[in-house]
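Before any comments, here is the structure.
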Protein chains: 2
Amino acid sequence: MAVGNSPFPVMPPLAGVRLGSAMAGIKKPGRRDMVVIELPASATVSGVFTRNAFCAAPVTVAKAHIERCREVRCAPRYWLINTGNANAGTGKRGLDDAYASCRALAEEAGVDEHQVLPFSTGVIGEPLPMERLLAGVAPACGALSDDGQAWQHAGEGILTTDTRAKGATLSVALSGGTVTINGITKGSGMIKPNMATMLAFVVTDATIEQSLLDQLLRDTVDASFNCITVDSDTSTNDACMLAATGSGAVVQSEADIALFRNALQQVMMTLAQAIIRDGEGATKFVTLHVTGAQSRQEALDVAFTVAHSPLVKTALYASDANWGRILAAVGRAGVEDFDVSRVVIDLGDVRLVEQGGRADGYTEAKGSAVMAEAEITISIGLGRGEHEATVWTSDLSHEYVSINADYRS
Amino acid sequence: MAVGNSPFPVMPPLAGVRLGSAMAGIKKPGRRDMVVIELPASATVSGVFTRNAFCAAPVTVAKAHIERCREVRCAPRYWLINTGNANAGTGKRGLDDAYASCRALAEEAGVDEHQVLPFSTGVIGEPLPMERLLAGVAPACGALSDDGQAWQHAGEGILTTDTRAKGATLSVALSGGTVTINGITKGSGMIKPNMATMLAFVVTDATIEQSLLDQLLRDTVDASFNCITVDSDTSTNDACMLAATGSGAVVQSEADIALFRNALQQVMMTLAQAIIRDGEGATKFVTLHVTGAQSRQEALDVAFTVAHSPLVKTALYASDANWGRILAAVGRAGVEDFDVSRVVIDLGDVRLVEQGGRADGYTEAKGSAVMAEAEITISIGLGRGEHEATVWTSDLSHEYVSINADYRS
């Protein structure tokens with residue numbers, strides 16, 4: 001299942017950026033499961049990673065290699081991604097395997113080992129099948145290409161339980177010329193990113209110096225990938241990468257930074273929302289908009305408490321306007337000194353709750369009409385401050401249980 | 001579904017305590033849905049209630065009436081419980097209705113209004129059907145009796161989506177004579193009690209002064225009802241009541257307090273675990289035991305993070321030893337400066353994780369054998385301190401989704 005029609009977009013080529021993929025048979029044969037993304041030597045690269053303490057070996061190695069590249073002032077040149085195995089919970093052997101994968105690609109491509117960043121996604125706790133993985137490096141490199149199909153194949157090659165490839169592209173006119181941002185992402189379950197998402201790879205041909213790129217990535221991830229949840233489970237492998245190839249216009253003036261930031265935010269948002277639209281078993285795409293909070297954290301706490309409530313999620317699945325469950329979730333969100341008589345809750349444009357109870361004029365028919373839609377907005381006004389937050393989530397369906405009970409993912 | 005065989009016990013009568021129930025047709029006809037519990041004038045009464053900010057009208061009224069009784073030094077004499085409607089999210093009208101219910105029973109029984117404590121459970125946000133509820137007061141009072149069947153009928157009369165009545169009884173020999181503790185509880189979904197449980201009513205014939213009774217209730221609830229979760233949703237109506245009728249032995253000496261506390265803890269534990277065994281859609285009864293934490297809160301955080309993980313819960317449902325999901329949940333539990341190489345995780349007596357990865361000697365066959373059981377213990381050693389916590393939970397099944405998607409509860 002998936003909500004909304006989001007075909008993979010046609011990605012314009014970016015100078016110096018090539019993508020290659022292969023079927024390495026990491027988990028099962030006949031499936032694109034290894035992707036190599038090549039960046040030019042002029043690129044700056046930023047990454048944000050999971051805060052899960054049991055972070056995967058590739059996360060540790062990618063961070064170390066980024067660090068090393070910055071020390072010796074060279075660019076990370078390759079992102080090596082495999083699906084079918086997360087290389088997480090694999091102890092020392094996992095680290096050895098991640099380093100060995102980078103080494104293999106570095107030799108193939110003629111760069112230093114630390115110029116390769118590894119990413120893995122799939123089952124946790126199994127050792128990487130190194131023989132098959134290493135055998136896939138050469139064919140993936142042989143397939144490197146800068147055309148739109150290469151982007152689409154890369155989008156397909158990083159999927160796990162996702163039902164479709166997810167991409168976004170946007171071009172924006174800056175003072176020095178038009179730049180383009182292309183991005184792909186994957187993720188469907190174990191989605192509650194914390195400072196990152198499952199996996200996202202975004203590349204622009206703009207020229208952006210390192211500290212600004214870092215800042216742009218953090219800011220836009222905070223309002224996109226860090227605001228989605230399928231099932232509250234933060235993954236061990238979350239990573240969101242952003243590269244600026246340096247072949248195009250420079251992002252430096254305040255006006256250009258603002259233009260670029262908006263475009264980047266839109267790409268990040270589209271990718272993040274694509275994960276929710278393709279959330280495991282999703283039949284609804286739900287926007288939670290909390291306003292009137294004393295802090296952004298308070299607004300996020302309320303939004304995520306509602307978004308994680310199994311009772312709210314099953315009511316959404318059933319298209320049942322059981323708003324008492326929303327109210328109960330708001331009430332347990334840990335807001336201090338909470339005057340619930342000031343809370344208002346709207347479902348779409350239908351007022352559900354005011355004055356601590358059901359709103360005057362609310363009828364089951366009105367609520368049910370909104371609930372019947374596939375895309376639903378729940379707005380919660382706390383009436384105690386000026387801060388707000390928006391979070392996107394999916395529902396909890398029989399299909400979600402089937403996907404996670406019937407298959408080892 | 002339900003896990004484990006727990007028939008309703010035969011409850012010994014307690015002097016001065018009578019129970020009556022009626023079929024008032026509050027939600028549907030032909031079902032026991034109203035219960036009155038009568039206490040003697042010599043009783044001391046304690047209660048703990050939900051911390052949900054949207055607490056139900058009866059919670060507000062019960063607290064106010066307990067306060068009033070303490071001011072004027074009289075005993076709360078009646079607990080009036082209805083199922084089928086939670087009287088939560090009902091604003092001012094809900095408060096009026098709760099007070100009116102107390103008034104009706106007070107008139108019928110010849111006591112003051114504040115000597116009646118109201119409790120409601122069921123759908124949130126609908127007004128109480130007052131005509132039917134008030135009409136049920138006289139028949140429920142007419143049925144008052146102190147025999148075992150009255151306890152069982154009361155146990156049945158407070159259920160919502162529960163599949164069976166839940167009771168516990170224990171007698172303990174104190175220096176001044178043997179005292180008995182009888183308790184009933186209800187709850188199956190919207191279960192993540194915070195300072196209380198869905199609804200529990202416990203009565204002893206011991207003589208216990210107010211402040212000691214308050215303390216005993218708080219202590220024993222903390223290690224029982226506050227350590228269970230079905231679905232992370234703290235209810236608006238949670239309440240756990242404890243009455244000591246004052247007809248039996250006095251609990252005062254240190255030795256007697258210890259004996260009584262242990263017995264009370266056992267009753268609370270049996271009742272709390274009965275809720276998990278009857279958790280909505282439950283096919284597994286799962287004990288999470290976290291040790292080696294720097295504080296009890298840290299141990300509870302880890303235990304509840306694992307217990308709430310939809311991915312862990314669906315793996316339990318599938319009897320799939322997908323231990324990577326347990327590891328990922330531990331890793332995202334928010335433990336500061338977490339050295340995961342010291343973490344050990346056991347499934348039953350099978351070591352899953354050590355040294356940051358899969359334990360030597362672990363095999364899928366060993367893990368699967370434990371997972372096939374209906375009662376499973378997951379032990380997590382954090383290796384960083386002396387504190388521990390135990391939490392009980394159930395799995396996430398198709399039946400859970402059906403119960404909450406197909407019916408308005």
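In the text below, chain A, chain B and the rest are named by the order of the sequence lines, each starting its count at 1.
- No other option in G94(B), A53(B), P127(B), G331(B) has as many heavy-atom pairs under 4.5 Å with chain A as G331(B).
- The NE2 atom of H308(B) sits 14.0 Å away from atom CG of D231(A), with the distance rounded to the nearest 0.5 Å.
- Atom CZ of F338(A) and atom SG of C55(B) lie 12.5 Å apart (nearest 0.5 Å).
- Taking CD of E126(B) as the reference point, atom CZ of R358(A) lies at 5.0 Å (rounded to 0.5 Å).
- Put simply, of V340(A), T236(A), D233(A), the one with the most heavy-atom pairs under 4.5 Å next to chain B is D233(A).
- Among I124(B), V230(B), N404(B), the one residue that satisfies the side chain to side chain contact (heavy atoms under 4.5 Å, CB included) test with L311(A) is N404(B).
- Comparing A56(B), G334(B), G89(B), G324(B) by heavy-atom pairs within less than 4.5 Å of chain A, the highest count is held by G89(B).
- Chain A forms more heavy-atom pairs under 4.5 Å with one residue of A318(B), G356(B), G125(B), P310(B) than with any other, namely P310(B).
- Atoms CG and CG, from L327(A) and N52(B) in turn, are 7.5 Å apart once rounded to the nearest 0.5 Å.
- For the atom pair K92(B) NZ and S341(A) OG, the distance stands at 13.5 Å (nearest 0.5 Å).
- A distance of 10.5 Å separates CZ of R332(A) from OG1 of T50(B), quoted to the nearest 0.5 Å.
- Looking at V343(A), the atoms closer than 4.5 Å to chain B (heavy atoms on both sides) all sit in the side chain, from C-beta outward.
- Proximity to chain A involves both the backbone and the side chain of S309(B), based on heavy atoms less than 4.5 angstrom apart.
- With a 4.5 angstrom heavy-atom cutoff, A88(A) does not touch chain B via any of its atoms.
- Side-chain contact between Y400(B) and V401(A): absent, with no pair of heavy atoms (C-beta onward) separated by less than 4.5 Å.
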